[in-house]
Amino acid sequence: PDVVCLDDLVEYSVPPQPSNLYYWYGTASPFFASTPNDHSIEVDWTTPGTFEICVRIVPTEFDCVDYDVYCKTVTVKPPFDVGPDFAEICTDDSQTFFSGAAADWVAWDATGGSTSIAFNTTVATVTPGLLAPGFYEIRATDVSGTAQFCNTQASAYLTVVGAAPSLPLS
C-alpha cells in the first residue's frame with residue numbers, strides 16, 4: 001500500500017484514452033467524486049487510516065459494455081515533525097528541540113557551520129558553547145522501527161550567533 005501524510009493533496013491517474021470514461025470511487029475521506037472522462041483525481045487526505053481508491057474505466061468505443069476496475073490501498077499517517085522550526089541563539093544560550101515521537105527513540109544530528117553533533121533521545125538540547133557560531137540544520141530521524149509516521153526524518157534550523165566583538169571606546 002501507498003503511505004501518504006495527513007493533509008497531503010495527492011493526484012492519482014491512469015493513462016488517458018480518448019474513448020474511455022473514468023469513474024473514481026472508494027473509501028477515501030473526505031468523500032470525492034469525479035466527472036466522466038477525467039483520467040485523474042486529487043484527494044486531500046484529512047483523516048488517518050487505511051482507505052481504498054478505485055477507478056472504473058468504461059470503454060465507449062464500439063459500444064462496449066465491459067469495464068475494468070483498478071484499486072489502490074492508501075494508508076494515511078501523521079507526519080514526523082520537530083520544533084521549533086527556526087531558532088536563533090547566542091553561543092552562551094541553549095535551545096531545546098522536540099520531536100513528534102513522544103515515546104520513541106529519535107536520533108538527532110546537527111550539520112552546517114563548523115561542527116556536527118549527535119543526540120539519542122526524543123528531545124535534543126543545544127547547550128551553551130556546544131556549537132560554534134553558524135547556521136545549522138537540526139535533523140531528527142525516527143529510528144524506532146514502528147512506522148507510525150508517514151516520513152522518518154524532519155528538520156529544524158538553528159542560527160548560533162557569536163558575541164559581538166568588544167571595541168575600545170575613544
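Quick caveat: nothing in here was measured; it's all calculated off a predicted structure.
- Checking side-chain atoms of T60 against main-chain N and O of S19 turns up a donor-acceptor pair under 3.5 Å.
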| said: Evaluate L6 against D8 for side chain to side chain contact (heavy atoms under 4.5 Å, CB included), listing each step before the verdict. | reply: CA-CA 6 Å; L6 188 64; D8 274 359; over 6 Å; no
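- V76 has its side chain out of reach of T47: every pair of non-hydrogen atoms, C-beta onward, lies at least 4.5 Å apart.
- Closest approach of L131 and T91 over heavy atoms only: O-CG2, 4.3 Å.
- Remark: Y70 engages no residue in a ring pair (Phe, Tyr, Trp, His ring centres under 6.0 Å) (not counting sequence neighbours).
- Residues A140 and V82 approach most closely at CB-CG1, 3.3 Å, considering heavy atoms.
- D38 and Y22 get closest at one heavy-atom pair: O-CB, 3.2 Å.
- Closest of all the heavy-atom pairs between P79 and C5 is CB-SG, 4.3 Å.
- Taken from CD1 in I138 to CG in D109, the straight-line distance is 8.0 Å, to the nearest 0.5 Å.
- Counting only residues at least two apart or in different chains, salt bridge (charged side-chain N to carboxylate O under 4.0 Å, His left out) contacts with residues 67-79 comprise D2-K72.
- Within the 3.5 Å criterion, the main-chain N or O of E42 finds no donor-acceptor partner in the side chain of W24.
- When all heavy atoms of F149 and D142 are compared, the pair lying nearest together is CD1-OD2, 3.3 Å.
- Q17 is not listed as a side-chain neighbour of P59, based on a closest heavy-atom distance of 4.5 Å or more.
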| message | Working note: Y25 + V69, criterion side chain to side chain contact (heavy atoms under 4.5 Å, CB included); need CA distance, chi angles, decisive distance, verdict. | response | CA-CA 10 Å; Y25 63 95; V69 174; 3.2 Å; yes
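- Side-chain contact between I89 and L158 is present, with at least one heavy-atom pair separated by less than 4.5 Å.
- Across all non-hydrogen atoms, the minimal contact from F97 to A87 is CZ-CB, 4.4 Å.
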| Should V161 and E88 be marked as a side chain to side chain contact (heavy atoms under 4.5 Å, CB included) after you check the CA-CA gap, both sets of side-chain angles, and the distance that decides it? | CA-CA 7 Å; V161 180; E88 182 176 297; 3.9 Å; yes
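- Taking the six-membered ring for Trp and the full ring otherwise, the centers of F51 and W45 sit less than 6.0 Å from each other.
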| request: Take V58 and Y23 through the side chain to side chain contact (heavy atoms under 4.5 Å, CB included) test and state the conclusion after the steps. | output: CA-CA 8 Å; V58 180; Y23 297 95; 4.0 Å; yes
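- Y12 has its side chain within reach of V74: a pair of non-hydrogen atoms, C-beta onward, lies under 4.5 Å apart.
- Counting only heavy atoms from C-beta outward, the side chains of V4 and V43 never approach each other to under 4.5 Å.
- Residue pairs meeting the side chain to side chain donor-acceptor pair (under 3.5 Å) criterion with at least one member in residues 150-159, sequence neighbours excluded: E137-S155, T141-Q153.
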